[in-house]
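Just follow the structure's listing: the first ligand is 1, and inside any ligand the first atom is 1.
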Amino acid sequence: MRLASAEIDLSALQYNLDKVREFAPQSKVMAVLKANAYGHGLVEIAKALHQADAFAVARIDEALALRAGGLVKPIVLLEGVFQASDLAIAIANNFQIIVHDQHQLEMIENETLDGELTTWLKVDTGMHRLGVYPEQFEQFYTRLLASKNVHSDIKLMTHFACADDISDGKTKQQLALFSQLIEQKTQQTCLANSAGVIGWPQSHGDWIRPGLMLYGVSPMLNQIGADHQLKPVMRLTTKLIAIRKVNAGETVGYGSAWRASKNTYIGVVAMGYGDGYPRHAPNGTPVMINQRRYAIIGRVSMDMISVDLGSTVPNGIAIGNTVEMWGPSLPVEEIAQYAGTIPYELLCNVTPRVDYQYIK
Ligand SMILES: *Cc1c(COP(=O)(O)O)cnc(C)c1O
């Protein structure tokens with residue numbers, strides 16, 4: 001019997017890419033595949049996204065893994081590179097690099113390279129994580145343009161801090177600062193992550209860089225993918241492996257963290273934090289069995305979770321039943337809320353013990 005399993009619906013993925021294009025019909029799409037394609041499987045997801053215009057990853061190793069997997073599209077390194085020897089690797093592999101600080105600029109200026117780098121100059125308009133300060137922007141642009149190692153088609157980028165909240169004024173400020181900085185330039189631009197794509201049409205530049213929404217999940221506060229006509233790509237399931245009875249007053253699991261107020265049947269589900277399910281999911285977090293929700297009770301352990309089946313075993317509930325932890329019938333956004341985190345983290349954290357199945 002196959003236990004913890006992640007079904008990855010590649011047609012839903014392609015459907016979501018079409019939706020992305022409906023949101024931003026004028027923009028090219030760089031599909032963000034960092035962190036093992038948000039836990040969905042880097043190379044398989046990239047292959048299914050053959051209609052994207054480029055890929056984006058966080059680390060050079062992820063980009064090299066895509067090349068090793070046979071993918072040939074341009075790949076953007078969202079943090080750039082951190083050692084001079086990686087510049088030649090970037091050129092040889094058609095990686096486009098972000099330039100976000102003085103260290104990277106000097107590295108580029110000082111190397112002797114066999115070709116020209118395609119660069120994205122990233123400006124910090126308010127996120128205050130990476131990016132050149134607005135007052136440095138012109139100087140960086142001029143110096144990149146002057147470098148023999150850099151292709152003159154320098155592209156321009158910024159990143160939003162609060163785009164998931166459409167009532168937050170910060171995004172408008174960031175947009176205004178960005179357009180003021182680039183005013184006279186005709187360079188290609190890229191601003192929007194998924195939240196920008198969905199919530200801020202005025203941020204759709206020449207390029208967009210959606211991640212989460214491609215996987216059918218909403219980046220917006222208190223919304224789910226279905227609210228934007230997106231389809232969840234991952235369905236995380238396992239099996240019911242035991243049904244037991246506890247009497248009123250007895251406790252279940254580590255730390256005796258749950259106590260039965262009446263005689264109760266308990267379902268034991270083969271899923272735990274060893275599969276990437278969040279240990280912080282509290283009592284009451286739902287799982288889905290036979291299209292009905294059942295509440296988690298007690299602590300999530302490494303390999304198992306207990307659920308409350310009620311005072312009698314419901315019709316149709318039996319050992320071997322499939323249990324959906326999140327997916328099309330149970331939004332991962334909702335599980336994230338219960339667990340006090342965001343869907344990004346839950347998806348990324350699915351572990352290699354889980355059996356991945358790709359459905360075309
Ligand atoms: C991860 C990331 C994205 C994609 O963000 P989503 O919210 O998943 O769409 C875009 N840009 C940068 C710089 C990122 O780090």
Which of the numbered atoms in ligand 1 are below 4.0 angstrom from a heavy atom of [X]?
| X | value |
| --- | --- |
| P210 | 9 (O) |
| L212 | 6 (P), 8 (O), 9 (O) |
| Y38 | 1 (C), 4 (C), 5 (O), 6 (P), 8 (O) |

Original post:
Hey, are the side chains of E116 and N149 touching, using non-hydrogen atoms and a 4.5 Å cut-off?
Top reply: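 Contact flag for E116/N149 side chains = no.
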For the pair [X] and [Y], find out whether any cationic side-chain nitrogen is under 4.0 Å from an anionic carboxylate oxygen.
| X | Y | value |
| --- | --- | --- |
| D308 | R293 | no |
| D86 | R59 | no |
| E250 | R259 | no |
| K122 | D124 | no |
| K185 | E138 | yes |

Around [atom], find the nearest protein heavy atom and jot down its residue, atom name and distance.
| atom | answer |
| --- | --- |
| atom 12 (C) of ligand 1 | H159 CE1, 3.4 Å |
| atom 7 (O) of ligand 1 | Y344 OH, 2.6 Å |
| atom 3 (C) of ligand 1 | K34 NZ, 3.7 Å |
| atom 9 (O) of ligand 1 | S194 OG, 2.6 Å |

**OP:** Have a look at ligand 1 and work out which part of R209, if any, has a heavy atom under 4.0 Å from it: side chain, backbone, both or neither.
**Re:**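 For R209, the contact with ligand 1 is made by both the backbone and the side chain.
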Original post:
Is D9 reaching over with its side chain to a backbone N or O of S11, donor-acceptor style, under 3.5 angstrom?
Top reply: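 Yes; judged by distance alone, with no hydrogens or angles, the pair exists.
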Original post:
Does the N or O separation between G211 and ligand 1 drop below 3.5 Å for any pair?
Top reply: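 For ligand 1, there is an N or O atom that lies under 3.5 Å from one belonging to G211.
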